[in-house]
Amino acid sequence: MTERRHERKFVRTFFTSPTAIEGEEDSAKMIRRAAQLRGMQAPDVWVPDNEDATAPSMRDEGVENIIDVVAEQGADFPGEIHPRMVWHRDSPATRYQGFQHMLEIASSDTGAIEHIDGFVIPEVGDIDDWKKADEFFTIVENECGLEEGSLAMSVIIESGESELAMGKLRDEMGKDTNNLERLFLFVDGEVDYTKDMRAMTPTGELPAWPELRHNTSRGASANGCIAVDGPYDDIRDVEGYHERMTENQAKGMLGIWSLTPGQVVEANTSPLPPKTGSWLLDTGDGDVELDSEDGVEVYEGDRVSLEETADGYELTVSGSTQVLDEDELHEELLNMTSYVPSMDDIVDSMEEFEAAKEAGRGAIAMERSATLRIGETEVEISTDRMWDEATYQAAMTPINLFQDVYENRPDQHDELEERYGAGVVERAVEVGL
C-alpha cells in the first residue's frame with residue numbers, strides 16, 4: 001500500500017462556505033459561522049471557498065475575510081483549513097490571480113497562515129498544469145519564509161485532462177524539479193466535468209459518473225493521496241446522500257463534499273462502523289434490514305414468505321415458490337442473508353484473530369448464527385467465515401479510520417463514546433496496534 005504523506009490518513013468531510021456575501025453587513029458571516037463548528041458538525045477539512053461559492057466581484061474581499069477569520073478563530077478550529085483559490089487551466093490571468101491571493105494570505109502579518117494547512121486548486125488540467133500550481137506554492141513558501149512542501153495542495157478533478165493526469169503522477173512526483181509530494185486531496189467536481197465532457201441526460205440531471213469516482217479513488221490510492229466525491233446538491237435527500245456514500249465507500253472513496261452542517265454530520269458518521277449489528281434479507285427487490293426481537297431476526301414484509309409443510313418448506317420470493325428440505329432451505333437462506341457487523345463485532349473478531357495468531361495459528365473460522373422468523377416460521381441459520389491475515393487487514397480499514405478520527409478529532413470523543421460506549425471505544429483505539 002502506498003504510504004499516505006499527510007497527518008490525516010482519512011478525510012470524511014470536505015465542507016465549503018463562501019468567503020464573502022454581497023449586500024450583507026458582515027460579508028464574512030458564512031465563514032465566521034463555519035469556523036465555530038465543533039464535534040460532528042465540524043468537517044475534517046473546511047474549505048473557505050473563494051472560487052465558485054463567491055461572486056467574482058467579492059473575491060478580493062473574500063481573501064481579506066479569510067485572513068481575518070482564520071487569524072481570529074483558526075487556532076480553535078478542530079479540522080484542517082484549506083481555502084479554495086481561483087485557477088483555470090486555460091487562463092493565465094486566473095492562475096495569476098489565484099497565486100496573488102495565496103501570497104496575500106500567506107504574507108499577512110496577522111499570522112493566519114499558521115492555521116492554514118493548504119489550498120485547494122480547482123479546474124486543473126494536464127500534468128504540466130498541476131506542476132504550475134505546485135511551483136506557485138513553492139514560490140509562496142519561499143517568499144513567506146515557510147518550509148518547502150509545508151502547504152498541502154488539493155486539486156478538483158473537473159476535466160478529462162485532469163482525470164488523465166492522475167495516471168502520470170507516479171512518474172512525476174518526487175523529481176527534483178517539483179514538490180508534488182504536497183498533494184493531499186483529489187476531489188471530484190462532477191458539474192464542470194459534465195460540461196467538459198459535453199455529456200447530456202434526458203432529464204438534464206448530472207450523470208452518476210461511477211468511472212470518474214473509481215478513477216479518482218484509484219489515482220489517489222496510487223499516489224498516497226485521499227479521494228473525495230463532489231457535492232450532492234439535493235441537501236434534503238438524506239437517503240440519496242447515504243446511497244452515494246455507500247457506493248463510494250465500496251470504491252475506497254471515503255470522503256464526500258458537504259454543503260451544509262447537516263450533511264457534514266451525515267458524512268462524518270457514514271464511514272464509521274455502526275453502533276449495533278444488523279441482519280439483511282434479500283427480498284428480490286433489494287436488501288431489507290430485519291427487526292431484532294428478543295434475539296430473533298424478524299421479516300414482516302410481503303415479498304418473502306416461508307411455510308413449513310409435511311414435506312419440508314415452501315419458500316416464496318417475489319412470487320416464485322420453491323419446495324425445499326431443511327438443508328436446502330438453510331443454504332438458500334444463507335444466500336439471501338448478510339450481516340452488517342457493529343464496531344463491537346469487528347473489534348471482537350480482530351481480537352480473536354490476534355489471539356489465535358499469537359498462539360501460532362494462521363487462520364481461524366468465525367461463526368455467525370441467527371434465528372430468522374419469516375411469517376410464523378422460525379429457522380436457525382449459521383455460517384463459518386475463515387479469517388486469515390488478508391481478512392484481518394481488510395477489516396482494519398474501518399478501524400484505522402476510527403483511530404485516525406479519534407487521534408485527530410478530540411472534539412468528537414464525547415459523541416463517539418456516546419455512540420459506542422467507552423469500553424468499545426477504548427478497545428477500538430488499541431486493537432491492531
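Since this is a predicted model, take the numbers as computed values, not measurements. In what follows, every heavy atom counts, from backbone to side chain, and hydrogens, waters and symmetry copies are set aside.
Shortest non-hydrogen contact noted between Ile67 and Thr110 is CG2-OG1, 3.3 Å. Of all heavy-atom pairs spanning Phe136 and Met102, the tightest one is CB-CE, 4.2 Å. In plain terms, the two heavy atoms of Pro271 and Leu254 that are nearest each other are CG-O, 4.2 Å. Between Trp387 and Ala395, the shortest heavy-atom contact is CH2-CB, 3.6 Å. Taking both residues in full, the closest heavy atoms of Asn268 and Met40 are given as ND2-O, 2.8 Å, listed atom of the first, atom of the second, then distance. Across all their heavy atoms, Gly125 and Ser159 have their closest contact at CA-OG, 4.5 Å.
Remark: the backbone N or O of Gly204 is paired with a side-chain donor or acceptor of Thr201 at under 3.5 angstrom. At distances below 3.5 Å, at least one donor-acceptor pair connects side-chain atoms of Thr269 with backbone N or O atoms of Val265. Remark: side-chain polar atoms of Ser17 are not paired, donor with acceptor, to backbone N or O of Ala34 under 3.5 angstrom. Side chain of Asp188 to main chain of Glu190: no donor-acceptor pair is present (N/O by atom type, distance under 3.5 Å, no hydrogens or angles). Proximity of a side-chain donor or acceptor of His6 to a complementary backbone N or O of Gly224 within less than 3.5 Å is not detected. Distance alone, capped at 3.5 Å, is enough to place a donor-acceptor pair between the Tyr420 side chain and the Pro273 backbone. Asp404 places no side-chain N or O within donor-acceptor distance of the main-chain N or O of Leu401, the cut-off being under 3.5 Å. Not one N or O on the side chain of Arg84 forms a donor-acceptor pair closer than 3.5 Å with the backbone of Asn50. Remark: the backbone N or O of Glu51 is not paired with any side-chain donor or acceptor of Thr54 at under 3.5 angstrom.
Every residue meeting the side-chain contact (heavy atoms from CB on, under 4.5 Å) condition with Glu332, not counting sequence neighbours, appears here in chain and number order: Leu315, Gln322, Leu324, Met336. Applying the salt bridge (Lys or Arg N to Asp or Glu O under 4.0 Å) test to Lys195 and every residue at least two apart in sequence or in another chain returns Asp192. Residues forming a side-chain contact (heavy atoms from CB on, under 4.5 Å) with Met200 (at least two apart in sequence, or on another chain): none. With sequence neighbours excluded, the residues forming a side-chain contact (heavy atoms from CB on, under 4.5 Å) with Glu289 are Ser278, Leu280, listed by chain and number.
Under a cut-off of 6.0 angstrom, the local environment of CD in Glu367 is crowded, with over 12 non-hydrogen atoms contributed by other residues, nucleotides or ligands.
No side-chain donor-acceptor contact under 3.5 Å links Asp134 and Asn178. Between the side chains of Ser258 and Tyr241, at least one donor N or O lies within less than 3.5 Å of an accepting N or O. Asp388 and Thr391 form a side-chain donor-acceptor contact under 3.5 Å, judged by distance and modelled atom types alone. Using modelled atom types and a 3.5 Å distance limit, the side chains of Arg368 and Thr383 yield no donor-acceptor pair.
The ring-ring contact (aromatic ring centres under 6.0 Å, His included) pairs that include a residue from residues 195-217 are Tyr193-Trp209, where partners are two or more places apart or lie in different chains. Within the structure, every pair that satisfies the salt bridge (Lys or Arg N to Asp or Glu O under 4.0 Å) test and touches residues 406-422, not counting sequence neighbours, is listed here: Asp44-Arg409, Arg409-Asp411. Among residues at least two apart or in separate chains, salt bridge (Lys or Arg N to Asp or Glu O under 4.0 Å) pairs with a member in residues 422-431 are Asp344-Arg427, Asp348-Arg427, Glu351-Arg427. Sorted by first then second residue, the side-chain hydrogen bond (donor to acceptor under 3.5 Å, both in side chains) pairs that include residues 63-73, not counting sequence neighbours, are Ser27-Asn65. Sorted by first and then second residue, the salt bridge (Lys or Arg N to Asp or Glu O under 4.0 Å) pairs with a member in residues 205-227 read Arg213-Glu247; sequence neighbours excluded.
The aromatic ring centres of Trp87 and Phe137 sit 6.0 Å or more apart.
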Quick one: side chains of residues 354-361, donor-acceptor pairs under 3.5 Å with protein atoms, not counting sequence neighbours, listed by atom name and distance.
{"unit_1": "Glu354", "atom_1": "OE2", "unit_2": "Tyr392", "atom_2": "OH", "d": "2.5"}
{"unit_1": "Glu354", "atom_1": "OE2", "unit_2": "Gly432", "atom_2": "N", "d": "2.9"}
{"unit_1": "Lys357", "atom_1": "NZ", "unit_2": "Glu389", "atom_2": "OE1", "d": "3.1"}

Using a 3.5 Å cut-off and no angle test, enumerate the donor-acceptor pairs between side-chain atoms of residues 111-123 and protein atoms at least two apart in sequence or in another chain.
{"unit_1": "Asp117", "atom_1": "OD2", "unit_2": "Ile81", "atom_2": "N", "d": "2.9"}
{"unit_1": "Glu123", "atom_1": "OE1", "unit_2": "Arg89", "atom_2": "NH1", "d": "2.8"}

List, one per line, each side-chain donor-acceptor pair under 3.5 Å for residues 142-155, sequence neighbours excluded.
{"unit_1": "Asn142", "atom_1": "ND2", "unit_2": "Thr138", "atom_2": "O", "d": "2.8"}
{"unit_1": "Asn142", "atom_1": "ND2", "unit_2": "Glu148", "atom_2": "OE2", "d": "3.1"}
{"unit_1": "Glu148", "atom_1": "OE1", "unit_2": "Asn179", "atom_2": "ND2", "d": "3.4"}
{"unit_1": "Ser150", "atom_1": "OG", "unit_2": "Glu147", "atom_2": "O", "d": "2.7"}
{"unit_1": "Ser154", "atom_1": "OG", "unit_2": "Leu185", "atom_2": "N", "d": "3.2"}

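Using a cutoff of 4.0 Å between basic side-chain nitrogens and carboxylate oxygens, Lys131 and Glu172 are scored as salt-bridged. Taking 4.0 Å as the cut-off between side-chain N and carboxylate O, Asp76 and Arg38 do not count as a salt-bridged pair.
Results of the ring-ring contact (aromatic ring centres under 6.0 Å, His included) test with Trp46 over Phe77, Trp257, Phe14 single out Phe77 as the only residue that passes.
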